[in-house]
Amino acid sequence: MKLSLITLSALLPSAFALWPLPTGLSQGSTPLRLSKGFDIKIAIPNAPADLVAAVQRTKGFLTHDKLQALVVDRGASSASAIAKAKSLPSLTLSLAAAPKGGSVKSISAEAVADLETRAEGYTLTIPADGSGAVLKANSTLGLFRGLTTFSQVWYDWKGTGYTLSAPFQISDAPKYPYRGFMLDTARNYFPVSDIKRTLDAMSWVKINTLHWHVVDSQSFPLVVPGYTVLSEKGAYNAESVYTPKDVKDIVSYAAARGIDVIPEIDTPGHTSVISKAFPEHIACPEAKPWASFANEPPAGQLRLASEETSKFTAGLLKAAAGLFQSKFFSTGGDEINANCYAKDSETQASLTSSGKTLAQALDTFTQVNHAALRSVGKSAMVWEEMVLDNPVTLANDTLVLVWISSQNVAAVAQKGRRVVHAASDYFYLDCGHGGWVGDFPAGNSWCDPFKTWQHAYVFDPVANLTADESKNIMGGQSLLWTEQGSPANLDSIVWPRAASTAELFWSGPGGNVQQALPRLHDLVYRYRQRGVAASSLQPEYCALRPGVCDLTA
């Protein structure tokens with residue numbers, strides 16, 4: 001059986017739906033089915049519990065997905081070939097080399113390791129001759145990524161799992177170490193169950209980072225030890241909170257699925273709600289008209305020039321950081337409103353007594369906060385303003401999220417900063433839903449238009465960068481700000497658009513949207529089988545007939 005090499009530029013058969021596309025892949029055209037007694041074996045002594053659990057989940061997908069091929073007859077014409085096909089008896093997992101020190105690290109431990117040391121690559125061999133499949137990797141995290149790919153190979157025909165494309169030979173690894181999704185839980189609250197379902201969906205497309213924008217001016221749902229009054233007075237209600245137990249649950253659930261949870265407490269802006277518990281630390285709390293003092297209501301910012309406020313903020317960040325395993329913690333730094341500080345007498349008095357400018361006070365404030373995080377083993381993540389608009393002293397390991405425009409990436413990379421793509425002109429999922437502020441009938445969302453999956457898919461992460469600057473690109477993420485998002489529409493806003501970004505930063509740029517669409521249709525239908533309400537991309541008529549709905553068809 002001759003194998004055909006598949007690349008990003010090759011047109012894939014409609015009945016083939018790996019997402020993200022592996023970076024090295026060959027496939028054949030031989031039917032193969034899963035045997036009735038199919039099993040997944042772990043050839044690793046004392047395998048970590050989360051790897052064992054991942055195997056069980058994969059076996060569950062193979063049993064319960066029951067996804068029929070997206071062809072007009074849903075696979076009926078292949079019934080005879082499936083019945084005659086040889087059976088795959090097993091998949092065996094093993095590590096390519098013995099672990100250092102003799103102990104095997106868990107998926108959970110690998111998921112939160114230093115960003116650029118995570119080993120997510122794997123090789124997967126699925127023969128067509130009835131012999132067993134083999135999955136190898138240098139880490140349990142890599143094995144988990146391979147299991148995810150294996151679970152996508154199979155379709156269902158009357159209770160039999162099958163593929164028409166055996167044998168497979170896959171050698172896969174991500175192009176970028178950071179592949180994320182940001183969820184804002186401050187504008188509207190999301191129960192733990194919704195976050196867990198999102199984490200599952202993220203893992204199915206190999207997204208490895210949840211950037212959790214957990215609090216903001218509107219609400220403070222995070223219960224922070226030693227600062228519980230913030231959530232008591234700042235959450236929308238007593239039930240709309242994330243307790244330390246909830247956070248531990250979310251963090252451990254994510255890690256077992258290869259996902260690092262990076263929390264964010266934005267400072268000094270976006271902090272109005274803190275005035276409910278600590279009014280002495282907030283400038284211009286709920287000042288009117290809010291648009292003169294903040295980018296969103298309610299107005300209010302931390303009094304960054306106050307030594308006491310700096311100590312308070314550092315203590316809060318340090319306490320919150322103790323709830324999370326990630327080596328990163330985001331302190332934000334976006335949308336600082338100068339007018340708020342100009343009108344705040346306490347801030348002006350602090351600046352006068354210290355002899356500092358506002359910019360110098362911000363630098364001191366940031367250094368105090370980041371030193372507090374470093375004292376508990378955390379590195380900082382910040383928004384681009386901390387480099388371009390209000391430059392402050394940052395450690396070399398700081399991650400910088402470029403969000404205002406993709407055009408600003410080069411300026412950040414030229415300063416030698418590590419960049420995470422998060423540009424509103426490509427990756428914001430909340431754009432195009434109309435304006436949300438009241439008494440503004442003609443208003444649209446500020447970041448119009450709606451960002452389609454195609455728009456993100458064709459993004460070039462290293463456009464206009466030199467080779468050296470390109471080395472500073474860590475990856476990218478989709479983002480959901482939730483002014484108009486809630487548990488009611490979470491799945492449909494995020495999926496499958498976030499999957500487009502996931503493939504971009506796993507497989508690399510250069511993909512063709514026409515060739516990707518049939519695979520993305522498959523992903524949507526598989527997500528629905530697994531309980532995630534992903535949005536349709538086209539009428540089902542088109543999904544079953546790749547290409548017939550193209551403008552040129």
Side-chain angles (χ1 to χ4, degrees), residues 17 19-20 57 60-61 64-67 70 148 151-152 179-214 221 240 242 246 249-250 253-254 256-259 261 422 426-434 436 445 447 450-457 477-506 516-517 519-540 542-543:
W19 194 286
R57 290 197 303 275
F61 295 147
H64 301 298
D65 273 3
K66 298 195 179 302
L67 176 64
L70 292 187
T148 300
S151 74
Q152 294 179 334
R179 306 174 309 280
F181 168 66
M182 191 217 77
L183 180 64
D184 160 25
T185 60
R187 272 66 179 211
N188 283 306
Y189 176 81
F190 293 81
V192 172
S193 59
D194 288 298
I195 296 175
K196 284 185 171 181
R197 187 179 66 258
T198 301
L199 289 166
D200 281 327
M202 291 164 61
S203 74
W204 301 335
V205 289
K206 301 181 175 69
I207 293 175
N208 70 353
T209 305
L210 173 64
H211 171 194
W212 189 4
H213 188 89
V214 62
S240 297
Y242 303 105
D246 292 332
D249 187 20
I250 290 168
Y253 192 90
R257 285 152 182 79
I259 298 170
V261 180
Y426 280 90
F427 304 119
Y428 271 32
L429 301 179
D430 55 305
C431 304
H433 293 281
W436 61 269
S445 59
C447 55
F450 181 89
K451 302 302 182 284
T452 67
W453 74 267
Q454 298 99 321
H455 185 65
Y457 193 76
Q477 64 184 26
S478 297
L479 305 90
L480 179 59
W481 301 103
T482 60
E483 289 87 350
Q484 295 176 305
S486 72
N489 61 0
L490 173 63
D491 289 4
S492 61
I493 291 178
V494 177
W495 306 110
R497 287 189 292 159
S500 174
T501 306
E503 176 157 295
L504 169 66
F505 291 106
W506 177 281
L517 181 56
R519 291 187 297 114
L520 196 54
H521 276 308
D522 261 80
L523 186 72
V524 168
Y525 280 70
R526 194 177 293 277
Y527 268 38
R528 292 173 182 167
Q529 294 296 100
R530 297 182 184 182
V532 174
S535 288
S536 293
L537 299 171
Q538 290 181 313
E540 187 160 316
C542 309

When rounded to the nearest 0.5 angstrom, what is the spacing between [atom1] in [X] and [atom2] in [Y]?
X: Leu429; Y: Ser492; atom1: CG; atom2: OG; value: 11.0 Å
X: Thr185; Y: Phe190; atom1: OG1; atom2: CZ; value: 8.0 Å
X: Leu210; Y: Ile195; atom1: CG; atom2: CD1; value: 7.5 Å
X: Trp436; Y: Trp481; atom1: CH2; atom2: CH2; value: 12.5 Å
X: Met202; Y: Ile259; atom1: CE; atom2: CD1; value: 4.0 Å
X: His521; Y: Cys542; atom1: NE2; atom2: SG; value: 6.5 Å

Check [X] against [Y] and note the closest heavy-atom contact, atom names and distance.
X: Glu483; Y: Asn188; result: O-ND2, 3.7 Å
X: Leu523; Y: Ala499; result: CD2-CB, 3.4 Å
X: Val524; Y: Pro496; result: CG2-CG, 3.6 Å
X: Asp194; Y: Pro487; result: OD2-CB, 3.5 Å
X: Ala456; Y: Leu504; result: O-CD2, 3.6 Å
X: Ala254; Y: Val261; result: CB-CG2, 3.5 Å

For the residue pair [X] and [Y], establish whether any side-chain heavy-atom pair is separated by less than 4.5 Å.
X: Asp522; Y: Trp19; answer: no
X: Leu517; Y: Gln538; answer: yes
X: Tyr426; Y: Lys451; answer: no
X: Arg187; Y: His213; answer: yes
X: Lys206; Y: Pro20; answer: yes
X: Leu490; Y: Thr198; answer: yes
X: Met182; Y: Tyr428; answer: no
X: Glu503; Y: Tyr457; answer: yes

Are any side-chain N or O atoms of [X] and backbone N or O atoms of [Y], one a donor and one an acceptor, separated by less than 3.5 Å?
X: Thr209; Y: Gly180; result: no
X: Arg526; Y: Asp65; result: no
X: Asp430; Y: Cys447; result: no
X: Ser240; Y: Tyr189; result: no

**OP:** Check whether NZ of the Lys or CZ of the Arg Arg530 lies under 6.0 Å from the centre of the six-membered ring of Trp204 and within 45 degrees of that ring's axis.
**Re:** yes

Can [X] and [Y] be counted as having a side-chain donor-acceptor contact under 3.5 angstrom?
X: Tyr253; Y: Asp200; result: yes
X: Asp184; Y: Thr482; result: yes
X: Ser536; Y: Arg528; result: yes

**OP:** Check step by step if side chain to side chain contact (heavy atoms under 4.5 Å, CB included) holds for Arg497 and Phe427.
**Re:** CA-CA 9 Å; Arg497 287 189 292 159; Phe427 304 119; over 6 Å; no

Subject >> Thr501 and Trp453: CA distance, side-chain angles, deciding distance, side chain to side chain contact (heavy atoms under 4.5 Å, CB included) verdict >> reply: CA-CA 8 Å; Thr501 306; Trp453 74 267; over 6 Å; no

Original post:
Going through the distances and angles, do Val494 and Leu183 end up as a side chain to side chain contact (heavy atoms under 4.5 Å, CB included)?
Top reply: CA-CA 10 Å; Val494 177; Leu183 180 64; 6.0 Å; no

Original post:
Are the aromatic ring centres of His211 and Phe181 under 6.0 angstrom apart?
Top reply: no

